[in-house]
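These notes are about the structure you will find just below.
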Amino acid sequence: MSLFIDLSSIRKNIKEIKKVAKKDVMAVIKDNAYGLGSKKIIHLLKDENINWIVYNTYKEYLIDKVLINELKMNVLILESPSTLSLNDYYERLHYSINSVNDLTDELLKVNHQIFIHLQVDTGMNRIGIRTIDELKRIIIKLITNENIKIEGIYTHYASNVDEINYYVLQEKAFTTFVKIYPFHTVHSQATSSILKESISNTLRVGLGLYGYGNKALKQYPALSLYTKIVNSFKVKKGDVVGYNQAFTAPSAGYIYVIPLGYNDIVGIDHVLVNDKRLQIVGMRCMNHSFLFSADKIDKIKSLKVLSKSDIIEKEHYNWYHILTSLKNMPKNYIERTYYDIPSTIKKRISKNKEYRFRRRSD
Ligand SMILES: Cc1ncc(COP(=O)(O)O)c(C=O)c1O
């Protein structure tokens with residue numbers, strides 16, 4: 001199993017996002033950068049002039065704290081402040097206020113400077129200040145302490161790339177909240193809304209950094225995952241395979257077993273064997289999955305589970321699920337020029353005339 005994360009693709013995604021949106025970018029690297037390894041990604045972000053890091057929890061920030069503080073990056077924590085986080089002092093640490101219940105004595109009497117972003121719920125119906133009245137009450141309380149700087153306001157959209165009507169409703173509601181106070185940083189657009197109209201002046205992007213989640217955008221998928229066949233055998237029409245006999249061979253053919261189960265990756269339904277699509281069949285096991293082919297595959301030259309070249313076919317995939325499911329898989333971080341094939345494999349196969357690889361088109 002070889003998982004490659006192409007850092008040059010991530011760089012291209014960042015450049016593309018900045019180019020089309022013309023806004024500052026906050027990088028959402030919660031859950032260890034969606035499982036891809038936050039420390040590696042932080043260095044790259046700094047390199048690409050992204051100075052805002054967003055974590056879901058203060059605990060996540062603590063894991064990267066030394067690096068973040070050394071690189072002098074701004075940090076926004078999405079969860080509400082806690083005693084522990086309020087007692088920390090890092091001059092670039094920004095806290096979220098998500099409801100009037102967050103206005104504890106500890107917060108209101110804080111005696112070092114802190115930055116606040118107010119999260120408003122405009123229709124996601126998950127977390128955030130729900131009414132203009134609640135927002136005003138919170139602001140009135142916060143400004144009584146001059147250590148508290150109200151820096152920003154944000155919301156999160158519920159819509160996917162294609163949806164627009166509900167998005168417009170949320171954006172309209174957000175605009176009403178934004179007008180209440182002279183907020184400096186206004187952020188709402190995540191990957192699916194990068195190309196949509198918004199009052200915000202800063203993006204808050206996670207998945208899009210890796211080249212997934214917005215088909216309307218030029219994206220450079222960063223992940224390639226290769227595997228191998230660990231067993232193969234002939235089956236007759238009607239033979240059953242795996243748990244619960246969940247797959248019945250529709251004709252005579254061949255079963256190929258790959259060493260990737262739901263413990264390794266979720267959310268996939270096919271692989272590419274010699275660039276031919278083979279469906280995953282039957283019930284997946286913890287460490288294995290089954291492929292069926294009516295024809296015998298004599299020589300397996302490549303077996304791609306995730307690759308850059310068939311991204312269009314994988315549009316239906318839920319990339320949030322896929323990326324986070326890879327969190328325990330060892331990762332190879334590379335920066336390469338050939339499309340889809342890591343250089344180590346490329347060297348090995350370059351002698352083989354049968355193997356042809358494409359150059360990137362850009
Ligand atoms: C509040 C908030 N902002 C931004 C993001 C980033 O979203 P995306 O990965 O779709 O860019 C998330 C992701 O879960 C989120 O919860």
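Start at 1 and go down the list; that is how both ligands and their atoms are numbered.
- Checking only distances, T191 does come within under 3.5 Å of ligand 1, N or O to N or O.
- Contact annotation: for L207 versus ligand 1, heavy atoms closer than 4.0 Å belong to both the backbone and the side chain.
- Checked against a 6.0 Å centroid threshold, the rings of F247 and F290 do not count as neighbours.
- Considering both main-chain and side-chain atoms, V205 never comes within under 3.5 Å of ligand 1 through any nitrogen or oxygen pair.
- Between R204, Q119, M124, it is R204 that holds the heavy atom closest to atom 4 (C) of ligand 1.
- Of all the heavy atoms of H156, the ones lying under 4.0 Å from any atom of ligand 1 belong exclusively to the side chain.
- At a heavy-atom cutoff of 4.0 Å, ligand 1 is contacted by the side chain of R126 but not by its backbone.
- Taking the centre of each ring, Y317 and H270 come in below the 6.0 Å mark.
- For the pair K65 and Y90, the cation does not sit on the ring face, since its NZ or CZ is not both under 6.0 Å from the ring centre and inside 45° of the axis.
- A salt bridge links R11 to D47: at least one charged side-chain nitrogen sits closer than 4.0 Å to a carboxylate oxygen.
- In this model, no donor atom of one side chain and acceptor atom of the other lie less than 3.5 Å apart for Y212 and N13.
- Looking only at protein heavy atoms, the nearest one to atom 10 (O) of ligand 1 is Y320 OH, 2.4 Å.
- Side chains of S302 and Y226: a donor-acceptor N/O pair is absent below 3.5 angstrom, by distance only.
- Contact annotation for K30 and ligand 1: only side-chain heavy atoms (C-beta onward) come within less than 4.0 Å of the ligand.
- At least one heavy atom of Y34 sits closer than 4.0 Å to an atom of ligand 1.
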